[in-house]
Amino acid sequence: MYKYDEIDQAIVDERVKQYRDQTRRFLAGELTDEEFRPLRLQNGLYIQRHAPMLRIAVPYGMLSSRQLRKLGDISKHYDRGYGHVSTRTNMQLNWPKLEDVPDILAELATVQMHAIQTSGNCIRNTTTDQFAGVAPDEVVDPRAIAEIIRQWSTFHPEFALLPRKFKIAVSGTKQDRALVQAHDIGLEFYRDQDDKVAIRVWVGGGLGRTPILGSVVREHLEWQHILTYCEAIIRVYNLHGRRDNAFKARIKILVKALGIEEFRRQVEEEWQFIKDNPNTITEAELARVSQYFTQMPYETLPEHDARFDSAIASNPAFATWVRRNTHAHKQPGYRAVTLSLKPHGRAPGDITSEQMHLVADWADEYSFGEIRPSHEQNLILADVKLSDLFPLWEKARAAGLATTNIGLLTDIICCPGGDFCSLANAKSIPIAEAIQMQFDNLDYLYDIGELELNISGCMNACGHHHVGHIGILGVDKDGSEWYQVTLGGKQGNDASLGSVLGPSFAAEEMPGVVQKLIDVYIRERTEEERFIDTVRRIGVAPFKTHVYGDKKKEVAHA
Amino acid sequence: MPNNKSNLILNNEIVTDEWSLVTMPAGEEVVKKQAGKVVLFKLTGESTHSAEQVAQTVIPATGKILVPLAVWQARKEELAPRHAAGEIGVWLDTHELLEDLVSSVDDLNSLPLIAVHVERFADGRIFSIGNLLRMRHHYRNDLRAFGDVLRDQLFFLKRCGFNSYLIRADRSAEDALASLKDFSQPYQGAVDEQLPVWRRVNRQPVSQ
Ligand code: HEM
Ligand code: SF4
């Protein structure tokens, strides 16, 4: 993975110094709340319901074991012994003290980490696919470009105070796992007719209160021009995006207002002036950064491992884990492993300091010392030999990190919601926990099969509810907490936004409602259909009838 | 702590201001609201003054003057001799169109000073305006930021081509000077340093 040279190190060190002074001035009353706000936000520090929340950057979701150990130590020392993996692959601490943040940043800087631009109206952490570099369907390893974008966007002087936050995603695979259509800019690598690598540029996607999937602003871009093309897009946005209303300030609103043709025209016009300027990426720079993402020193192994095969044959629990929680690898004899941060009945994405240390040890022992947080809020060890899977599984199981629910109903994406977030309409974590308990029977879970259930505590959509096969959204009705259900959302190349099922529900109804949705699916599905396929085929109506039909009867009885 | 000392930074030094700022007489300020909240930012291209205000603007008879873009556009003939004498600088607001300034004068570099007024420090349009003035329109003379100008934005302003900053009156320009040096080797090419770091320095890969 990428390693800092003295230039990268100087930037994070200077940042710590700068932020320490900003915090000092704030505490001394030399900066008002309003003036300090963007400064702390651009350093990932939110003030939320109980305490500040610090969001630490994990650029494009790559961590070394050394970094994860440091996060374990920091969460123990400065927080309550746990951290939270976010849907944008960052690590969040829920209880740090504002005064301690400069010290936390100084500690992070010793392991080449920071919290720069993890929040605020600026270019945020660039995200990509958690299986970058190991996915069998990869066109290009997107990490070198993601790192080049990270450096370019870090303290970008012109784009430091945009109308609103700005998120870039890069996908290097045929199957999009980076949600390029749900980002302000999505860069999708593909091979063109001449078998040359090209980029399709998406713009104006985003969830939040106005969920919109992106539009293609340019069908074919050469990689050299990524930075200047992004510069053109963001300049048009910086000058013309709406600053008068925070809810209409994202680039998606500008693209919608102008129409994609007019927006494209403005971007292309802008680009003609800056194309080929010195920010144009050179072969040499790409080569320099790519050296950090070369192939791991894999052993040459056969496709099969006898001990592994016999463990699968004799141990059904292990076999299930392998089937659910491990993934195909481009290198024979290896698999990628997802450690589940979704044990039933606990806040999705939470991980304790002890678990961080354990995972760091396993990464060193089995996976070249690297760990990848995923946007589904799990941790991935990307390069594990078949023969190591059994011992790894035993350790993971003992540490509560082997729940075999990856991609299943209880692998819930969930925002912090009303337990932590001051913007929430409703709590989200207890809903996730209740649903997990409702579906605690693993055999039943496997029978239901692939299903994504996403929960957000308000329309800001941190939990991506719009693209969940089942989406749950916290709404406020006369000061009490209610939940609206959407059906049929999906991420990926054939992304779609869910449709609202009907009137919202009280918290205690939610596990029952999800149960009824599943009942309809089980009743209606054909042999090979996943939940989402059935919803797409038969539409929302049968689900609606089942859920609300019964509800009316109950009311009538009461 | 208002004081009599100058709060103007020009090329890394605190200097006294040679320019008199000309402003339009106050017009009717309409408080706009969106979703119950007062609207803090004006839209790009929104017109915020009347012909009357432009006509009634009082222009000092002598000395170097920094006039609003709208006044400059409307009263160019009256100002022509002073423009020729190098006594006219022009200022615009972040929501005004830079194109209007560019088309208002044959040679931008006949203006010894252009200033951009930022009503709220969080308004990042000022950065793009600076970039465009320097890079697209090749403006070479003094470029000043004034209004809600605070030290934590100075480094960015500098990188976007500004070389002069009138720090908000209640803050110390002395303290602000330090922020111009916040980072020693920025990553990306911008206005002040056009090369990205990988073209500036020979970056050797760190061994794995
Ligand atoms: C508790 C503090 C948090 C606050 C105050 C907060 C606030 C917000 C707000 C206001 C938005 C909407 C922005 C917009 O649409 O323009 C948003 C979006 C988002 N947040 Fe959070 N958030 C918090 C925590 C989190 C956490 C913990 C995660 C990850 C698990 C997260 C992930 C996201 C994502 C992915 C979006 C983007 C939706 C999109 O733009 O497509 N947030 N957040
Ligand atoms: S979706 Fe709403 S409740 Fe959940 S974290 Fe985001 S802002 Fe808070």
Side-chain angles (χ1 to χ4, degrees), chain A residues 1 3-8 10-11 14-15 17-18 21-22 25 30-31 34-39 121-122 148 150-163 227 231 234-235 238-248 273-274 277-279 281-282 284-285 288-289 291-292 294, chain B residues 32 34-35 37 39-46 94-95 97-98 120-132 135-136 150-153 155-160 171 175 178-179 181-192 194-199 201 203-208:
Chain A
M1 69 186 262
K3 290 223 166 37
Y4 282 11
D5 62 9
E6 61 282 14
I7 287 164
D8 303 294
I11 284 179
E14 284 166 345
R15 168 53 149 202
K17 185 163 158 249
Q18 181 195 42
D21 187 58
Q22 289 169 344
R25 282 185 276 138
E30 295 169 28
L31 280 172
E34 195 208 348
E35 289 161 6
F36 186 52
R37 193 166 174 273
L39 304 179
N121 298 334
C122 50
I148 288 173
R150 180 191 77 82
Q151 299 194 12
W152 169 78
S153 60
T154 298
F155 304 130
H156 195 294
E158 188 180 340
F159 306 136
L161 292 166
L162 295 171
L227 301 182
E231 182 175 334
I234 306 176
R235 180 168 301 140
N238 190 37
L239 285 169
H240 299 286
R242 286 182 59 173
R243 290 170 189 269
D244 60 326
N245 180 339
F247 299 137
K248 298 202 166 18
F273 288 103
I274 57 176
N277 86 10
N279 285 315
I281 306 166
T282 55
E285 175 62 1
R288 179 185 78 84
V289 178
Q291 289 182 61
Y292 296 102
T294 48
Chain B
K32 276 202 285 182
Q34 285 261 15
K37 282 192 182 157
V39 172
L40 300 175
F41 294 91
K42 297 184 181 79
L43 291 174
T44 303
E46 189 173 326
T94 49
H95 64 272
L97 297 175
L98 184 56
R120 302 190 173 268
F121 72 90
D123 185 348
R125 284 177 289 199
I126 189 170
F127 302 132
S128 287
I129 293 171
N131 178 296
L132 289 171
M135 306 299 290
R136 175 90 32 96
L150 303 174
R151 66 175 280 185
D152 295 294
Q153 284 77 48
F155 186 77
F156 296 138
L157 286 167
K158 176 179 95 166
R159 295 227 61 211
C160 291
R171 297 296 158 87
D175 290 349
S179 293
K181 297 193 287 259
D182 273 350
F183 297 96
S184 44
Q185 271 299 5
Y187 281 126
Q188 60 295 98
V191 177
D192 59 338
Q194 293 181 17
L195 301 181
V197 66
W198 80 78
R199 293 184 196 259
V201 210
R203 296 184 80 176
Q204 290 299 330
V206 177
S207 63
Q208 295 280 321

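Each chain gets a letter, A, B and so on, in the order the sequences are listed, and its residues count up from 1.
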Below 4.5 Å from any heavy atom of chain A, which atoms of [X] appear? Answer side chain, backbone, both or neither.
| X | result |
| --- | --- |
| B:Val191 | neither |
| B:Leu157 | neither |
| B:Arg203 | both |
| B:Asp123 | both |
| B:Gln153 | side chain |
| B:Arg125 | both |

Closest non-hydrogen atom pair between [X] and [Y], with its separation:
| X | Y | result |
| --- | --- | --- |
| B:Trp198 | A:Pro278 | CZ2-O, 4.2 Å |
| B:Phe121 | A:Pro38 | CE1-CG, 3.4 Å |
| B:Arg199 | A:Thr282 | NH2-CG2, 3.5 Å |

[atom2] on [Y] to [atom1] on [X], rounded to 0.5 Å:
| X | Y | atom1 | atom2 | result |
| --- | --- | --- | --- | --- |
| B:Leu150 | A:Leu31 | CG | CG | 8.0 Å |
| A:Gln18 | B:Lys181 | CD | NZ | 14.0 Å |
| B:Lys42 | A:Arg243 | NZ | CZ | 13.5 Å |
| B:Met135 | A:Ile274 | CE | CD1 | 9.5 Å |
| B:Gln188 | A:Leu227 | CD | CG | 9.5 Å |
| A:Glu231 | B:Ser128 | CD | OG | 9.0 Å |

Open item on the list: The test is side chain to side chain contact (heavy atoms under 4.5 Å, CB included); show your working for B:Arg120 and A:Glu34 and say whether it passes.
Closed with: CA-CA 11 Å; B:Arg120 302 190 173 268; A:Glu34 195 208 348; 4.2 Å; yes

Does the A:Glu14 side chain pair with the main chain of B:Ser184, one donor and one acceptor, at a distance under 3.5 Å?
yes

Treating B:Asn131 as the side-chain partner and A:Glu158 as the backbone partner, does any N or O pair qualify as donor plus acceptor under 3.5 Å?
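Such a contact is absent between B:Asn131 side chain and A:Glu158 backbone.
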
### Message
Before you tell me yes or no, could you show the steps for B:Leu43 and A:Arg242 under side chain to side chain contact (heavy atoms under 4.5 Å, CB included), namely the whole-Å CA-CA distance, both residues' side-chain angles and the distance that decides it to 0.1 Å?
### Response
CA-CA 7 Å; B:Leu43 291 174; A:Arg242 286 182 59 173; 4.0 Å; yes

Between B:Tyr187 and the options A:Asn279, A:Asp8, A:Thr154, the side-chain hydrogen bond (donor to acceptor under 3.5 Å, both in side chains) test singles out A:Asp8

Item to complete: Decide side chain to side chain contact (heavy atoms under 4.5 Å, CB included) for A:Asp244 and B:Glu46; before the verdict, give the C-alpha distance in whole Å, the side-chain angles of both, and the deciding distance to 0.1 Å.
Response: CA-CA 11 Å; A:Asp244 60 326; B:Glu46 189 173 326; over 6 Å; no

Exercise for review: Answer yes when B:Arg171 and A:Glu35 have at least one side-chain N-carboxylate O distance shorter than 4.0 Å, and no when they do not.
Suggested key: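 Result for this pair is yes, salt bridge flagged.
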
Note: A:Arg25-B:Asp152 ion pair, threshold 4.0 Å (strictly below):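 Yes, A:Arg25 and B:Asp152 are salt-bridged.
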
*CZ of A:Arg288: more than 12 outside heavy atoms within 6.0 angstrom?*
yes

Hits for ring pair (Phe, Tyr, Trp, His ring centres under 6.0 Å) against B:Phe183, two or more places apart or cross-chain, chain-then-number order -> A:Phe155, B:Phe155

By ring pair (Phe, Tyr, Trp, His ring centres under 6.0 Å), A:Trp152 pairs with (sequence neighbours left out) A:His156

Assess the residue pair A:Arg15 and B:Asp182 against the criterion (side chain to side chain contact (heavy atoms under 4.5 Å, CB included)); give the C-alpha distance rounded to whole Å, side-chain angles, the decisive distance to 0.1 Å, and a yes or no. CA-CA 8 Å; A:Arg15 168 53 149 202; B:Asp182 273 350; over 6 Å; no

Residue from B:Ala178, B:Cys160, B:Pro186 scoring the most non-hydrogen pairs under 4.5 Å with chain A is B:Cys160

Sub-4.5 Å side-chain heavy-atom contact between A:Leu239 and B:Ile129: yes

